[in-house]
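The structure appears below as structure tokens.
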Amino acid sequence: MLRYIGLRLALFVPTLLIASIVIFAILRVLPGDVVDVVLGGSGEVAHDPIQVERVREELGLDEPLIAQYGSWLWSVATGDFGGRSFVNRTPISSLVARQLPVTVQLAVYTMLLAAAIAIPVGIAGAVRQGRWADFLVRVFAIGGQAVPSFFLALLALLALVLLIGWSPPVIYDHVWQDPVRHVQLMVLPVVILAWGYAAYLTRMTRAGMLDVLGQDFIRTARSKGLAERIVLVRHALRNALIPVLSVAGIQVGALLGGAVVMETIFGLPGIGRGIVDAVSDRDYPVVQTYATLFVFIMLTVNLVIDVLYAVLDPRITYRD
Amino acid sequence: MPYLIRASRIATRPARAARRYPVGAAALTALVAMGLAAVFAEQLAPFDPLSHDEANALLAPSAEHLFGTDRFGRDVFSRVLYGARISLMVGLVSVLVGTVIGTTIGIISAYASGVADLVIQRFIDALMAFPHLLMALLLVVVLEPSPVSVIIGITVAFVPQVARIARAQALSVKAESYVMAAKSLGGSPTRIVGRYVLPNSITPVVIHATGFMEGAVLTEAALSFLGLGVPPPDPSWGRMLKEGSEGFLEAAPWLTIFPGLALTVLVFCVALIGDGVRDFLDPRQ
């Protein structure tokens with residue numbers, strides 16, 4: 001197991017590096033002069049030469065691409081996170097320190113809530129296969145999959161205002177600053193994102209449990225007189241969770257995409273809203289660093305999931 | 001390939017197929033209806049979706065304006081009809097192109113094996129670490145927002161997953177005895193891939209295709225909702241949601257509700273068709 005985790009860890013850094021090169025390539029190599037994009041407008045409009053010079057210098061555009069990428073990488077490695085924002089000159093490191101915790105909290109709450117819903121609901125669907133409870137479970141799952149999170153968020157805001165005249169706070173507080181307001185603001189985005197994320201986990205839990213419950217060792221466990229709860233949780237669930245975990249890893253991308261939209265709707269100052277603002281402002285240094293951060297989060301969650309795999313199923317060894 | 005035989009039965013006896021897969025058939029009918037509505041939007045729309053009519057701005061739904069009007073007096077029903085074009089076009093084109101490219105890469109990777117496979121797989125690892133929305137967003141912004149760049153962005157976002165699925169299947173097909181037999185009979189690589197590996201690797205890709213279409217439609221809507229997708233004035237459901245929710249959520253909820261419902265119904269149909277396809281192609285699950 002340690003060898004497996006070690007190999008997973010060894011792949012982490014190269015994957016992150018390749019992804020950051022891809023981001024760099026998208027931002028720098030694709031057609032269009034970065035300077036024009038940063039300053040707005042197409043190449044036909046002449047820009048103030050002083051501004052052009054400033055942008056060129058700041059991005060290091062006169063240097064070869066490899067040197068440009070290298071200096072970005074070096075500044076990330078030294079905790080500088082790619083220098084300063086183009087728009088308001090804030091150091092990117094302080095932007096990250098302010099915005100990253102918001103997104104991480106949003107994602108962690110969502111994953112915990114989704115798991116807490118999906119696993120029991122999925123088990124219930126499998127145990128009561130074909131009955132009305134199972135039907136409700138399937139409606140829950142397909143609804144979470146098909147209702148767009150941002151539409152749901154708008155409907156929820158609308159309903160709350162019309163029905164009880166309440167809308168969430170406008171200003172974000174960390175949980176350690178003002179726990180009540182923190183919960184008031186986070187509850188809607190977390191519940192909405194969790195429904196979407198739980199939809200896939202529920203489906204996989206249900207399918208996995210159905211698969212496992214038909215197997216011989218379950219019949220053995222039951223025939224030796226184990227309580228049904230123990231059969232379900234200790235024997236069946238442990239095996240059924242393996243495909244659930246792989247879906248949990250794949251769906252993190254959708255979860256983070258949803259987080260970007262939720263942060264925009266609810267005014268949460270996270271990196272999702274940060275990257276949307278940076279993209280709209282053509283703030284390239286921020287875009288480069290934030291996009292890499294998103295990849296970093298994806299890879300970290302998937303690394304944790306891979307470790308959980310190995311814990312759940314000792315038979316798993318590293319294979320490509 | 002027994003499923004091809006079953007597929008041909010479905011084509012020749014639609015009534016029987018509809019009885020066997022009632023939900024999928026209903027969803028498919030609804031999707032076809034939406035497709036027709038999109039194609040014939042010009043004939044069906046009661047108003048020009050772009051023409052301003054300030055005198056009739058922000059009217060609630062009525063017999064004349066089924067879904068009401070927006071702040072420029074544009075007819076929301078007509079705009080929702082035209083908006084189906086963007087959603088369906090982005091969904092269908094990016095799934096088709098993405099599936100073809102992804103399957104090609106996956107099969108080449110599986111068939112090449114060795115260093116080439118290793119290099120391609122590490123790249124796919126890295127690309128799969130991008131949330132779809134993020135990859136699409138980066139590409140759309142760099143390519144300048146337009147329907148074509150939205151399609152390119154979404155396609156690129158989904159290709160790595162298709163490639164991974166196709167490769168996994170192609171690897172197991174490659175080890176089958178009929179492929180060995182074809183090889184030992186002196187079949188050329190093109191023949192082996194085209195005749196044996198490809199047709200037998202495509203099923204899981206097809207099963208996942210509806211999932212990609214859901215993702216593509218939702219990603220387009222999210223991009224437009226963020227103001228980074230299809231540029232105005234062409235109506236897109238995502239941008240209609242953005243415009244409707246910014247300041248008009250309470251005053252004119254129809255601006256939010258109708259495009260949102262249209263989007264939900266479309267994704268719902270695709271999801272239900274996906275369930276039907278999965279039951280049909282992979283009865284074990």
Side-chain angles (χ1 to χ4, degrees), chain A residues 11 14-23 26-28 30-32 37 42 138 142-143 145-155 157-158 161-162 207 210-211 250 252-261 264-265 272 275-276 279-280 282 287 290-291 294-299 302 320, chain B residues 117-118 121-144 156-157 161 211 214-215 217-219 221-223 225-228 237-238 241-242 244-245 249-250 253 256-257 259-261 263-272 274-275 284-285:
Chain A
L11 274 179
T15 311
L16 186 61
L17 278 180
I18 297 175
S20 72
I21 294 173
V22 169
I23 297 166
I26 291 174
L27 293 179
R28 296 289 167 85
L30 282 179
V37 179
S42 60
R138 294 175 75 164
I142 205 152
Q145 187 184 338
V147 182
S149 60
F150 45 98
F151 179 45
L152 201 59
L154 297 174
L155 283 185
L157 286 174
L158 181 63
V161 167
L162 291 183
L210 282 177
D211 206 32
I250 293 169
V252 178
L255 171 66
L256 289 176
V260 171
V261 182
T264 308
I265 294 179
I275 199 169
V276 170
V279 156
S280 314
R282 317 282 173 183
V287 174
Y290 274 30
F294 269 104
V295 173
F296 177 81
I297 298 177
M298 284 276 278
L299 289 173
N302 276 287
D320 195 15
Chain B
D117 183 39
L118 192 76
Q121 288 316 306
R122 293 292 76 77
F123 253 99
I124 288 179
D125 276 345
L127 292 177
M128 280 180 74
F130 285 84
H132 292 148
L133 183 65
L134 176 69
M135 176 59 96
L137 189 146
L138 289 177
L139 286 167
V140 168
V141 165
V142 172
L143 296 174
E144 294 294 308
V156 173
Q161 248 171 303
E214 282 168 52
V217 169
L218 286 173
T219 307
L223 281 175
F225 182 75
L226 295 172
L228 300 166
W237 293 338
L241 277 169
K242 171 190 163 70
S245 64
L249 186 57
E250 268 174 85
T256 304
I257 289 174
L261 276 182
L263 181 62
T264 308
V265 169
L266 173 58
V267 179
F268 225 85
C269 286
V270 178
L272 291 174
D275 268 10
R284 277 175 302 123
Q285 279 215 332

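Computed from a predicted model, the values in this text were never measured in an experiment. Any value given below was found using the heavy atoms of this structure, including those in side chains, with hydrogens, waters and symmetry copies removed. Chain A is the first sequence line, chain B the second, and so forth, proteins listed ahead of strands; every chain is numbered from 1.
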*Is there a side-chain contact between B:L134 and A:V260 (heavy atoms, below 4.5 Å)?*
no

*Going by heavy atoms in the side chains, are B:L137 and A:V279 under 4.5 Å from each other?*
yes

If I measure from the heavy atoms of chain B, does [X] come under 4.5 Å with its side chain, its backbone, both, or neither?
| X | answer |
| --- | --- |
| A:L154 | both |
| A:V161 | side chain |
| A:I18 | both |
| A:V252 | neither |
| A:L152 | neither |
| A:I250 | side chain |

About how many Å separate [atom2] of [Y] and [atom1] of [X], when rounded to the nearest 0.5 Å?
| X | Y | atom1 | atom2 | result |
| --- | --- | --- | --- | --- |
| B:D275 | A:I142 | CG | CD1 | 4.5 Å |
| B:S245 | A:I265 | OG | CD1 | 7.0 Å |
| A:T15 | B:F123 | OG1 | CZ | 11.0 Å |
| A:L27 | B:L138 | CG | CG | 6.0 Å |

Flag the one option from [options] with the top tally of heavy-atom pairs under 4.5 Å to chain B.
| options | result |
| --- | --- |
| A:I23, A:L210, A:L17, A:I297 | A:I23 |
| A:T264, A:L16, A:V22, A:L255 | A:V22 |
| A:A146, A:A291, A:G253 | A:A146 |

*Applying the side chain to side chain contact (heavy atoms under 4.5 Å, CB included) test to A:F150, which of B:L226, B:L241, B:T256 qualifies?*
B:L241

